[in-house]
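Keep in mind that this is a model prediction, so the values were computed, not measured.
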Amino acid sequence: MKLENDEKLVLSQRMEAQGRLAAGIAHEINTPMQYVGDNTRFLGDSFKSFLDLVSFYRSTLKSLRESGYISNELDSEISRRENKADLSFLSEEIPKAIIQTLEGVERVSKIVLAMKEFGHPSLREKAFRDINRGITNTLTISRNEWKYSADIKLDLDQNLPEVFCSIDELNQVFLNMIVNSAHAIDDKIKAGIFEKGLITIKTQQLGKYVEILISDNGSGISKDNLKKIFDPFFTTKEVGKGTGQGLAIAHDVIVNKHGGTLDVESELDRITIFTIKIPVDPSQV
C-alpha cells in the first residue's frame, strides 16, 4: 500500500510540474503570436486596399488603350512588368495565404489557451467547472496523440450544468482514456484492419449526475483483463509503454475523490466504452 501511495504522490508531483511548465510555455508563446496575428490582419486589410488601387489602375489603363492615349511601347512595357511580377497570380494567392496564416494563428491560440487552462494551479481545487470545456481542452492538448490514428466524434450536451469537481484531475482522466483509445486503434491499424479509427465522446445529464462516455473501435479488452484493468500496475502494453497506473488513478479520481462511478464495457476487436458518472453537486446527492 505504501508503494502504491508513493507512486501516486510521484505521479501527482510530476503532473503538477508538467502543468506549470505547460502554463509557462503557453504564456511565452502567447505574446509573439499576438504580434503575428495583429500584423497578419493588418496585411490582409492593407492588401485589400492595394488590390482596389490596382483594379483602378487597370481600368484606367484599359480606357487609355481604347482611347489611343498610350503608346504601343509603353503598353508593352506595362504588360511585360505585370507578367514579370505575376500580378494575377499574386492577387489571387496572397489573400489565400493571409487567410491560412490567420487560421494557423487561431489554431495556435486555441492550443495556448488549452495549455494555460490545463496547467493552471487554481483548477486543481474543487469548484463548479465546465466539463465540456475540459474535454475540448484535453483534445486540443493531446491532438498529436490521436490525429494520425483516429477521427473524433463529439456529442456534447450544450445544456450540461457545471459540475463541482477538480477539473484538472478530471482532465487527466480524460487524457489517459483518449490516449489509451488511440493506442488501441493503433493496434488495429498496424494489423491492417483499417487506416483510421474513431473515438466518440458524449456528455449528458442524468438527474443529479453528469455522464461522460468515451468509446473507441480499437482492439478491445479481453474478458479476463476487464476484471483487472483498474488494478495498480496492471497493463497490457509492452514493456516501456506504460506503468499500469493510468486507469487505477482514474478510478481513484472518479470514485474516491468525486463520489462517482467508472465502468467499462468491451468486445474484443470491436469496441470499448468507458462510462463515467459524477454528481453535479455532491451536497445534493
Side-chain angles (χ1 to χ4, degrees), residues 18-67 69-123 130 132-154 156 158 167 171 174-175 178 182 196 199 201:
Q18 289 173 345
R20 287 197 301 269
L21 177 62
I25 292 172
H27 178 74
E28 292 300 320
I29 292 173
N30 196 44
T31 300
M33 286 311 300
Q34 286 180 337
Y35 294 151
V36 172
D38 290 344
N39 288 338
T40 303
R41 279 183 281 273
F42 165 74
L43 288 173
D45 293 339
S46 300
F47 194 71
K48 288 177 184 176
S49 299
F50 170 76
L51 286 180
D52 289 342
L53 183 59
V54 169
S55 178
F56 172 74
Y57 283 156
R58 282 183 156 179
S59 64
T60 303
L61 180 60
K62 182 180 179 183
S63 296
L64 291 173
R65 283 170 176 161
E66 291 173 349
S67 303
Y69 287 117
I70 186 170
S71 67
N72 291 334
E73 292 79 6
L74 181 56
D75 194 9
S76 297
E77 180 63 14
I78 291 171
S79 296
R80 185 187 72 79
R81 287 178 178 265
E82 279 195 3
N83 290 333
K84 183 178 180 181
D86 209 350
L87 192 59
S88 296
F89 174 80
L90 294 178
S91 298
E92 184 177 341
E93 293 301 319
I94 287 178
K96 292 180 183 178
I98 290 172
I99 290 171
Q100 289 171 355
T101 302
L102 286 173
E103 288 174 351
V105 169
E106 184 179 353
R107 174 81 184 139
V108 173
S109 296
K110 287 181 179 178
I111 293 171
V112 166
L113 179 61
M115 287 174 66
K116 287 174 71 175
E117 292 191 0
F118 200 86
H120 201 285
S122 67
L123 300 182
D130 186 341
N132 288 344
R133 188 177 182 87
I135 290 169
T136 54
N137 281 344
T138 303
L139 284 170
T140 299
I141 289 294
S142 63
R143 187 170 186 270
N144 202 55
E145 292 286 342
W146 54 259
K147 66 178 180 180
Y148 300 113
S149 306
D151 292 318
I152 300 289
K153 180 182 177 182
L154 290 178
L156 306 181
Q158 298 306 308
I167 194 65
N171 284 346
F174 302 149
L175 178 64
I178 290 165
K196 207 170 190 183
I199 298 172
I201 304 175

Please check: side-chain N/O of S71 versus main-chain N/O of L74, any donor-acceptor pairing under 3.5 Å?
yes
Over all heavy atoms of both residues, which pair between F47 and L90 is shortest? Give the atoms and the distance, please.
CZ-O, 3.9 Å
Starting at CD1 of I94, measure out to CG of L43 and round the result to the nearest 0.5 Å.
9.5 Å
A side-chain contact here means heavy atoms from C-beta on lying under 4.5 Å apart; do M33 and V105 qualify?
yes
Nearest 0.5 Å, please: how far is CD1 in I99 from OG1 in T40?
12.0 Å
To the nearest 0.5 Å, what is the distance between CD (E77) and CD (E82)?
11.0 Å
Could you tell me whether the side chain of S59 and the main chain of F56 form a donor-acceptor pair under 3.5 Å?
yes
Check: E93 side chain, S91 main-chain N or O, donor-acceptor pair, under 3.5 Å
no
Return the CZ to CD1 distance between F42 and I98, rounded to the nearest 0.5 Å.
10.5 Å
Just wondering, are more than 12 heavy atoms of other shown residues or ligands nearer than 6.0 Å to NZ in K147?
yes
Look at the side chain of S55 and the backbone N and O of L51, then say whether any donor-acceptor pair between them is shorter than 3.5 Å.
no
Atom CZ in R65, atom OG in S79: separation rounded to 0.5 Å?
4.5 Å
Nearest-0.5 Å distance that lies between atom CG in D45 and atom CZ in R41:
9.5 Å
Does R81, at its CZ atom, have more than 12 non-hydrogen atoms belonging to other residues, nucleotides or ligands within less than 6.0 Å?
no
Locate the shortest heavy-atom distance separating D130 from R133; write the atom from each residue and the value.
OD1-N, 3.2 Å
Non-hydrogen side-chain atoms of L64 and D75 separated by less than 4.5 Å:
no
Taking all non-hydrogen atoms of both residues into account, name the closest pair between I78 and I70 and its distance.
CD1-CD1, 3.8 Å
Here the pair of heavy atoms bringing L156 nearest to T136 is CD1-CG2, 4.0 Å
I want to check something: taking the side chain as every heavy atom from C-beta on, are D151 and K196 in contact at a cut-off of under 4.5 Å?
yes
Nearest heavy atoms of L175 and S142, plus distance in Å:
CD1-CB, 3.5 Å
Between L139 and W146, what is the shortest heavy-atom contact and its length?
O-NE1, 3.3 Å
4.5 Å side-chain heavy-atom contact, L87 and R58
yes
